[in-house]
Amino acid sequence: MENNHHVLLPDDTFTRKQAEAVAAAYANIAIEDDQGTHFRLVIRVDGQMVWRAWNFEPEAGAGLNRYIIRCGVRKQ
C-alpha cells in the first residue's frame with residue numbers, strides 16, 4: 001500500500017510479502033527474528049530500535065505505519 005509516497009502496511013496483521021515490500025523501500029527497516037511463519041518488522045534510527053512488531057499482532061501495522069511515516073528512510 002502507498003500513501004503520500006510512503007510504502008505502508010495494512011493497519012492490522014501483515015503478510016511476509018507486505019513486510020518485504022516495506023523493507024525493500026526503506027534503508028532502516030528490516031525483518032528480524034524470522035521464525036518462518038512469524039517474524040518481526042523493526043524500524044531503527046541511528047542504529048537504535050524505535051519500533052517493532054510481530055506480523056501477527058493485532059493493529060501491528062498501525063503502530064509501524066506511524067513510525068514509517070515519521071522515521072522511514074527511503075532507499076534511493
Side-chain angles (χ1 to χ4, degrees):
M1 175 186 336
E2 288 218 25
N3 179 357
N4 296 333
H5 305 293
H6 294 285
V7 178
L8 300 175
L9 298 162
D11 286 338
D12 202 24
T13 61
F14 52 90
T15 66
R16 179 173 299 276
K17 184 175 180 177
Q18 292 165 325
E20 287 172 345
V22 169
Y26 296 94
N28 63 330
I29 300 176
I31 294 172
E32 297 182 2
D33 300 321
D34 193 343
Q35 299 182 23
T37 58
H38 54 282
F39 53 89
R40 288 186 194 181
L41 198 59
V42 179
I43 302 171
R44 297 183 185 279
V45 173
D46 296 327
Q48 298 293 319
M49 191 267 307
V50 295
W51 197 261
R52 68 179 177 199
W54 289 101
N55 64 305
F56 59 83
E57 289 180 44
E59 300 180 22
L64 284 161
N65 287 337
R66 283 191 292 275
Y67 285 92
I68 290 169
I69 291 167
R70 193 176 329 161
C71 306
V73 177
R74 290 291 298 243
K75 291 181 180 174
Q76 297 297 338

task = Indicate the atoms forming the closest heavy-atom contact of G36 with R16, along with that distance.
result =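 Closest pair (atom of G36, atom of R16, distance): O-NH2, 2.6 Å.
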Original post:
So which heavy atom on A60 is nearest to which on A53, and how close?
Top reply: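 Scanning both residues completely, I find the closest heavy atoms to be CB-CB, 3.9 Å.
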Determine, using the 4.5 Å side-chain heavy-atom cutoff (strictly less than), whether [X] and [Y] are members of one ILVMFWY cluster.
{"X": "V45", "Y": "W51", "result": "yes"}
{"X": "V42", "Y": "F14", "result": "no"}
{"X": "L64", "Y": "W54", "result": "no"}
{"X": "F39", "Y": "V50", "result": "yes"}

Kindly compute the distance separating [atom1] ([X]) from [atom2] ([Y]), expressed to the nearest 0.5 Å.
{"X": "I29", "Y": "K75", "atom1": "CD1", "atom2": "NZ", "result": "9.5 Å"}
{"X": "N55", "Y": "D34", "atom1": "CG", "atom2": "CG", "result": "9.0 Å"}
{"X": "R52", "Y": "E57", "atom1": "CZ", "atom2": "CD", "result": "9.5 Å"}

### Message
Any heavy-atom pair between the side chains of L8 and I69 that's under 4.5 Å?
### Response
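Result yes, sub-4.5 Å side-chain heavy-atom pair found.
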Notebook entry, point to check: How about P58 and D12: do any of their side-chain heavy atoms sit closer than 4.5 Å?
Noted result: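 Yes; the side chains approach each other to less than 4.5 Å.
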Exercise. Does atom CD of Q48 have more than 12 heavy-atom neighbours from other groups under 6.0 Å away?
Worked result: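 Not more than 12 within 6.0 Å, no.
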How about E32: does its CD atom have over 12 heavy atoms from other parts shown lying under 6.0 Å from it?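 More than 12 within 6.0 Å, yes.
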Under 3.5 Å: donor-acceptor pair, side chain of [X], backbone of [Y]:
{"X": "D11", "Y": "G61", "value": "no"}
{"X": "N65", "Y": "L9", "value": "yes"}
{"X": "Y26", "Y": "I43", "value": "no"}
{"X": "R74", "Y": "H5", "value": "yes"}
{"X": "N28", "Y": "C71", "value": "yes"}

Practice task
Just say parallel, tilted or perpendicular for the rings of H38 and F56, cut-offs at 30° and 60°.
Solution key: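 Ring orientation of H38 relative to F56: perpendicular.
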